[in-house]
There are 4 protein chains.
Amino acid sequence: MNKRQKQKQKTREKIVSCAKELFIQKGFLHTTTSEIAAAAGIAHGTLFLHFPAKESLILEIMDTVLEQIQAALQPVIAHAGNLDEIIRCYLDLIEQHEAIFSTKAREMPFYGDELRRKLLFRDAIIRGHFHTLFQQGIDDGIYRQVDIQTALTFFFGAIHYYLSLKQIFVVDGSVIGKFKDQIISTFNALITIPKTEES
Amino acid sequence: MNKRQKQKQKTREKIVSCAKELFIQKGFLHTTTSEIAAAAGIAHGTLFLHFPAKESLILEIMDTVLEQIQAALQPVIAHAGNLDEIIRCYLDLIEQHEAIFSTKAREMPFYGDELRRKLLFRDAIIRGHFHTLFQQGIDDGIYRQVDIQTALTFFFGAIHYYLSLKQIFVVDGSVIGKFKDQIISTFNALITIPKTEES
Amino acid sequence: MNKRQKQKQKTREKIVSCAKELFIQKGFLHTTTSEIAAAAGIAHGTLFLHFPAKESLILEIMDTVLEQIQAALQPVIAHAGNLDEIIRCYLDLIEQHEAIFSTKAREMPFYGDELRRKLLFRDAIIRGHFHTLFQQGIDDGIYRQVDIQTALTFFFGAIHYYLSLKQIFVVDGSVIGKFKDQIISTFNALITIPKTEES
Amino acid sequence: MNKRQKQKQKTREKIVSCAKELFIQKGFLHTTTSEIAAAAGIAHGTLFLHFPAKESLILEIMDTVLEQIQAALQPVIAHAGNLDEIIRCYLDLIEQHEAIFSTKAREMPFYGDELRRKLLFRDAIIRGHFHTLFQQGIDDGIYRQVDIQTALTFFFGAIHYYLSLKQIFVVDGSVIGKFKDQIISTFNALITIPKTEES
DNA sequence: CATGAATGAGTTTTCATTCAT
DNA sequence: CATGAATGAAAACTCATTCAT
């Protein structure tokens, strides 16, 4: 990469990090492109040299985060192969990136069709891993035989609910952090066949 | 009621029904007061004679629906006293009013503070009934001993998730209708202590 | 006057007193006819049975006040025939009705042509008396020989200035009350030929 | 200055001159931002690129005029140090800018607090110079020993009065021009100790 | 490559007056 | 006589995107 490309790359990263900060603070919908440009220290028009439209910014940001999460989840999925573990790991990751996930949960219905489709696709991949491990748990006689899709919707729906209404659950700090343990233990209690039942 | 009061009442109802129709089609946030007035066949200013502000319209509409639901739920709560029944009834009601509930689920984070608070308060009352019956079920040894709040968030979170992303689950028709049976049976399967386990 | 007429008269007075109160508080321009009707306990439309238009209300109110002032000034003009006395009396009266005069001073440029003309006509009559007495003072060798019209504009201009910008001179209470003594003594000092000069 | 900066400057000046023209014709309060944009030959939104709010326009316009006046007054204040001269100069300047000063005199009570404060502050500076020179005149035994503040309020109050009711004093042309000589000579006659009195 | 000036459609609410009841 | 529902014009400000410089 020559010097010019490096500079361009740096500018792009500056835009992304500033945009992310603003999206977290004010939401994607209520952040203006000039604010982002001003925060990144570039001209308003320059923003559009790096990103063809405002939506491509949120796509890039969410894509990066979702990739990180997938990457962080990968080893857990590969090795442990235990739903409980992956749930815990997933929630830790969501908590880490909660600010931007909260924005996404609230605003997704208002994004353009394509953007929304892409984001949901990323979600679906992660959900796929949960599905596989859930199925395994059922096959292994650990989990009850329930409709996995629906059971997972209970799980992800609750996460989505906490995130999208975060403001009413916590004043400051993390919703997921606050409810994580309860979510995990209750979800486990619901899907797991108790040891005592086996006897 | 004299003729003028009747006429006023009629105008008000016309506004409400047209507004509801538009809110369902385009969302509350993207419906303009002019559109509503035009649809209702009244002058733009007349709208504000009946409703002091745009938000009071959505409040009235949602309040009416939520009241209807509470009223319809009341006898089921009083007599049957069975969570399963109330869940079924609740979902039937949500399905009936699904269009407006979908709008509410999507947009609530963007409503003004007071409006949101009022809507959440209504939700909380209904949720309270679920809680009571869930507790009863646990006391009766029918349901597993889990954290009720969290378990209910799984349930309501899933409903919320289906409603807010309705557009990606169904093209036309009802999401709740589509998933109702799975929701009910899966939720039951998760919380109920199987008969065989008892032996 | 029969009973019906009496009732009508009473309603009219109620309207006037409520309107005056509101005009003082919020200004004529920012008081709405519905507010006045509500304050007077009558229907909005009823207001227009008593007063053909909003402006006729301010006219009536100002007319009454200006008449009162003229009436109160009359004996002073007739008997004493001394500018100093009439100035003092006039300022006392303005102070008494300062709230409504402040509104008038601020808003007059925005009144309709006819209303403004009528109000200015009333002012002119009072000013006429000042003129006469000023002239007498000059003839008597008490006051300097200056252009009376302009000298009076200094006086009335200052009053007008204090009234129209009342809000910046006093927080609560009377501007005229605050500056009355200075106005009188300074105006006197300016127009009076000092005793010592005569010798 | 490069071409773009020049173009921007030109647009800004066009806005200011058109706005000033309109403010003079119809008053600031009754001129709309659309009208200004149309008159300046720019898009409505462009106006807000140059001025964040309508009030900032009147502020800029009045500031420029008041600065010009202060600048024009400066040498007179510095050198001559004579109240009579500064009065004459001041009235000439007011006459020059009479149209906009008339609007200001009429509308100031209705401007936002901050704008009004700023305008009054400018006025106060100029008044300060009058005060100084008046005091000097008293010290030099030229002017009578009167309360300067009040005497100046007679002067400025009269100017304000003529300006705010300009429409009733002249049909076309300048009020200040019409009454300037009388104002000056009368004010002088009132404050000056006659030569004959000294003997 | 970067800049930043220009675009222009879009929306809630107010209020004096009228007239059918 | 009194009522009060209906009228409808009017106005400031935002912001993603473009394109001449």
Side-chain angles (χ1 to χ4, degrees), chain A residues 4-5 7-8 11 29-38 41-57, chain B residues 2-12 29-38 40-55 57, chain C residues 4-5 7-8 11 29-38 41-57, chain D residues 2-12 29-38 40-55 57:
Chain A
R4 177 173 271 184
Q5 285 177 312
Q7 179 54 39
K8 193 173 175 185
T11 302
L29 297 173
H30 297 106
T31 299
T32 69
T33 49
S34 10
E35 280 174 320
I36 297 166
I42 55 164
H44 193 185
T46 307
L47 187 66
F48 291 87
L49 293 179
H50 293 270
F51 296 91
K54 195 185 167 190
E55 285 219 330
S56 55
L57 249 171
Chain B
N2 65 26
K3 198 173 172 184
R4 285 177 69 183
Q5 289 176 308
K6 238 187 255 172
Q7 180 55 40
K8 189 179 180 184
Q9 184 63 21
K10 228 173 115 182
T11 303
R12 188 185 173 89
L29 299 172
H30 298 103
T31 299
T32 70
T33 50
S34 310
E35 280 173 320
I36 298 167
I42 55 165
H44 193 184
T46 305
L47 184 67
F48 293 88
L49 204 75
H50 293 268
F51 297 91
K54 197 186 166 192
E55 285 220 331
L57 247 173
Chain C
R4 177 173 274 185
Q5 286 176 312
Q7 179 54 40
K8 192 172 176 183
T11 301
L29 297 173
H30 297 106
T31 299
T32 70
T33 49
S34 13
E35 279 173 321
I36 298 166
I42 56 166
H44 192 186
T46 306
L47 186 68
F48 292 86
L49 292 179
H50 293 269
F51 297 90
K54 194 186 168 191
E55 285 220 330
S56 54
L57 248 172
Chain D
N2 64 26
K3 199 173 171 186
R4 285 178 68 184
Q5 287 177 310
K6 239 187 253 173
Q7 180 55 39
K8 189 179 180 184
Q9 184 63 21
K10 228 172 115 183
T11 302
R12 189 186 174 89
L29 298 172
H30 297 105
T31 299
T32 69
T33 50
S34 310
E35 281 173 319
I36 298 167
I42 55 164
H44 192 188
T46 305
L47 184 67
F48 294 90
L49 203 75
H50 292 269
F51 296 92
K54 197 187 166 191
E55 285 219 332
L57 247 172

If you take all heavy atoms of A:Ala37 and A:Ala43, which pair is closest and at what distance? CB-O, 3.8 Å
Measure from CG on A:Leu49 to P on E:dT3 and round the result to the nearest Å. 9 Å
Given F:dA6, is OP1 or OP2 found less than 4.0 Å from the side-chain N or O atoms of B:His50? yes
What's the CD-C1' distance between B:Gln5 and F:dT3, to the nearest Å? 11 Å
Considering every strand and a 4.0 Å limit on heavy-atom distances, what is the contact class for A:Thr46: base, sugar-phosphate, or nothing? base
Can you tell me the distance, in whole Å, between the CG atom of B:Leu29 and the P atom of E:dT12? 11 Å
Rounded to the nearest 0.5 Å, what separates atom NE2 in C:His44 from atom CD in C:Glu35? 10.0 Å
With the criterion being N/O to N/O and under 3.5 Å, what pairs connect the protein with nucleotides 17-21 of chain E, and how long is each?
residue: E:dT17; atom: OP2; partner: C:Lys54; partner atom: N; Å: 3.1
residue: E:dT17; atom: O4; partner: C:His44; partner atom: ND1; Å: 3.3

Scan A:Thr11 against the nucleic acid and name what it touches under 4.0 Å (heavy atoms): base, sugar-phosphate only, or nothing. nothing
In whole angstroms, the gap separating C1' of E:dA9 from CG of D:Leu47 amounts to 16 Å
Please tabulate, for the side chains in residues 49-57 of chain A, all donor-acceptor contacts under 3.5 angstrom to protein atoms that are two or more places apart in sequence or on a different chain.
residue: A:Lys54; atom: NZ; partner: A:Phe28; partner atom: O; Å: 3.1
residue: A:Lys54; atom: NZ; partner: A:Thr31; partner atom: O; Å: 2.8
residue: A:Glu55; atom: OE2; partner: A:Gly112; partner atom: N; Å: 2.8
residue: A:Ser56; atom: OG; partner: A:Ala53; partner atom: N; Å: 3.4
residue: A:Ser56; atom: OG; partner: A:Ala53; partner atom: O; Å: 2.5

DNA chain F: stems of at least 3 consecutive Watson-Crick or G-U pairs whose donor-acceptor distances fall under 3.5 Å: E:2-21 with F:2-21
Whole angstroms only, please: what is the CZ-P distance between B:Phe51 and F:dA5? 13 Å
Please name the pair of heavy atoms, one in D:Ile42 and one in D:Leu47, separated by the smallest distance, quoted to 0.1 Å. CD1-N, 3.8 Å
Length of the line joining D:His30:NE2 and F:dA11:C1', which is rounded to integer Å: 12 Å
Between C1' of E:dT3 and NZ of D:Lys8, the distance in whole Å: 12 Å
Write down the distance between CD1 (D:Ile42) and P (E:dG4), rounded to a whole number of angstrom. 19 Å
